[in-house]
Amino acid sequence: MQFGIFSVSDVTTDPTTGHTPDDTERVRAMLTIARHADEAGLDVFATGEHHNPPFVASSPTTMLGYLAGVTKNITLSTATTLITTNDPVRIAEEYAMLQVISDGRMDLMMGRGNTGPVYPWFGQDIRQGIPLAIENYALVRRLWTEDVVDWEGKFRTPLQGFTSTPRPLDGVPPFVWHGSIRSPEIAEQAAYYGDGFLHNNIFWPMTHTKQMVQFYRQRFEHYGHGRADQAIVGLGGQAFMRKNSQAAWDEFRPYFDNAPVYGHGPSMEDFTRDTPLTVGSPQQVVDRYGSFIDDVGHYQRQLFLMDHAGLPLKTVLEQIDLLASDVVPELRKIAEAKRPQDVPANPPTHAERVAAAQAQGKTGATHVGDGGDEYTGKRAEEVLS
């Protein structure tokens, strides 16, 4: 199983010091966090996408492209790529570019976004969120898998003879997750294409998560991609740890009580009881997250939210170290012990996807000139001879 962290990129005042980072400080902190996660041996760093304060991660591919050059092993991903308010042509091109730059060390998670005012800023209507997600993703897939696309839909201008550039690395598109908390239509979409499904259940009880994941698994099998237990599943989570459990509670409480992300709603006691948020010792995190397999079956990716609520950068880096040293090794043992032999341990790597596509004869063009010269209609070898 893969373990990593994701950031929602919130700019929040530290309630214990009154310090509010400016946007530059927050962005640079995220870069430091990602590099530290790579050095600590975590598997994934994922960034959200937001276009409204108090969040700063408006350009995931810029951030992840930079990180591709300064990290070594970690998979670079998005916690949300807004399939509804981004132009699908730009998504296809930007993430193919990221795939090339990172040499395939990336994937992405499509999401609709739930901030109503953002939609009209990009000329869309949140009430059309599901149809936008379905139509736009269908076009993204065609742009990645077909060298020349003729297309007409409801939400953007038609395309005639359009080629998206650059072509996907080795002729194989990036691996895609679909993220949803409430919408079975998105789980259905993930199952239809045989993509991954990530239920970022940081605000929901496990009973709800279990229902959504079971639905996705059933539909994955229905569409003939494999058995239900072989579907690719990810979960979100939250933790705050100290070696001493009470110390963790005392330190995190002011951040929980004042963080806008929690909405000043349930108490920390209620929230930790009813959602995956776990505040305590590393062993308490191991015990809780090690049980999730019993609810949803073996899954392939577990992400944790750690850099939020105004926590200082030093504290976040300490949390990453605790996660990497005291929690992840134990969770790996638990996951592997419970995993059926013919169920994937991890999401597919780029190399695995290339090998599978080659075996099926499904790799696409790797160069936009493969079909001919744009200006003369001659094939490249004719032009060069």
Side-chain angles (χ1 to χ4, degrees), residues 2 43-44 61 64-65 68 73-78 81 83 87-110 134-151 159-178 189-198 220 223-227 230-232 234 300-301 342-374 377-384:
Q2 290 184 337
D43 301 308
V44 184
T61 52
L64 297 179
N73 300 307
I74 200 163
T75 295
L76 303 168
S77 184
T78 55
T81 296
I83 188 64
D87 181 359
V89 173
R90 295 300 296 144
I91 290 178
E93 293 185 331
E94 289 180 359
Y95 286 95
M97 179 68 80
L98 177 62
Q99 187 192 33
V100 170
I101 290 172
S102 67
D103 197 26
R105 186 162 51 92
M106 56 78 67
D107 53 35
L108 67 159
M109 183 170 72
M110 301 294 185
I134 293 170
E135 180 178 297
N136 285 354
Y137 183 59
L139 177 55
V140 168
R141 285 186 61 100
R142 288 192 60 189
L143 293 169
W144 277 338
T145 58
E146 299 177 24
D147 299 334
V148 180
V149 173
D150 294 318
W151 178 90
L159 299 173
Q160 293 183 348
F162 183 81
T163 297
S164 174
T165 63
R167 303 307 297 150
L169 180 67
D170 300 316
V172 175
F175 183 72
V176 171
W177 302 81
H178 299 258
Q189 183 181 41
Y192 176 80
Y193 290 108
D195 294 337
F197 177 67
L198 194 143
F220 180 92
Y223 288 114
H225 300 297
R227 297 197 316 267
Q230 295 173 322
I232 305 300
Q300 286 72 29
R301 178 174 288 183
D342 56 351
V343 168
N346 299 301
T349 65
H350 177 70
E352 290 169 342
R353 286 169 58 76
V354 170
Q358 289 175 340
Q360 299 174 30
K362 292 184 177 180
T363 52
T366 58
H367 174 54
V368 295
D370 284 354
D373 181 78
E374 178 181 2
K378 297 179 180 179
R379 293 185 60 80
E381 57 266 29
E382 295 179 68
V383 174
L384 294 172

Q: Any chance you could lay out the side-chain contact (heavy atoms from CB on, under 4.5 Å) test for Glu135 and Trp151, step after step, and finish with the verdict?
A: CA-CA 11 Å; Glu135 180 178 297; Trp151 178 90; 3.5 Å; yes
Rounded to the nearest 0.5 Å, how far does [atom2] of [Y] lie from [atom1] of [X]?
| X | Y | atom1 | atom2 | value |
| --- | --- | --- | --- | --- |
| Met97 | Arg90 | CE | CZ | 9.0 Å |
| Thr165 | Asp147 | OG1 | CG | 12.0 Å |
| Met109 | Ile83 | CE | CD1 | 12.5 Å |
| Glu93 | Thr163 | CD | OG1 | 10.0 Å |
| Thr78 | Leu98 | OG1 | CG | 9.0 Å |

Side-chain heavy-atom pair [X], [Y] within 4.5 angstrom cut-off:
| X | Y | answer |
| --- | --- | --- |
| Val149 | Ser164 | no |
| Asn136 | Met110 | no |
| Val89 | Leu159 | yes |
| Gln300 | Val343 | yes |
| Tyr95 | Val140 | no |
| Thr81 | Glu94 | no |
| Met106 | Leu64 | no |
| Val176 | Trp144 | yes |

[X] side chain vs [Y] backbone, donor-acceptor pair below 3.5 Å:
| X | Y | result |
| --- | --- | --- |
| Arg301 | Pro347 | no |
| Thr75 | Val44 | no |
| Gln99 | Val172 | yes |
| His225 | Gly194 | yes |
| Thr366 | Asp170 | no |
| Arg142 | Asp150 | yes |

Q.
Working note: Arg105 + Thr349, criterion side-chain contact (heavy atoms from CB on, under 4.5 Å); need CA distance, chi angles, decisive distance, verdict.
A. CA-CA 8 Å; Arg105 186 162 51 92; Thr349 65; over 6 Å; no
Q | Over 12 foreign heavy atoms within 6.0 Å of CD, Gln160 | A | no
**Q.** Partners meeting ring-ring contact (aromatic ring centres under 6.0 Å, His included) with Phe162 (sequence neighbours left out)
**A.** none
Q: Please list, chain by chain and in numerical order, all residues satisfying side chain to side chain contact (heavy atoms under 4.5 Å, CB included) with Arg141, sequence neighbours excluded.
A: Tyr137, Tyr193, Asp195
Q: Go through the side-chain N and O atoms of Asp107 and Ser77 and say whether any donor and acceptor fall under 3.5 Å apart.
A: yes
If you compare all heavy atoms of [X] against all heavy atoms of [Y], which two are closest, and at what distance to 0.1 Å?
| X | Y | answer |
| --- | --- | --- |
| Pro88 | Leu139 | CG-CD2, 3.7 Å |
| Ala68 | Ile101 | CB-CG2, 4.1 Å |
| Phe197 | Ala190 | CB-CB, 4.2 Å |

(Q) Applying side-chain contact (heavy atoms from CB on, under 4.5 Å) to Ile232 and Trp177, what does each step give before you reach the verdict? (A) CA-CA 9 Å; Ile232 305 300; Trp177 302 81; 3.6 Å; yes
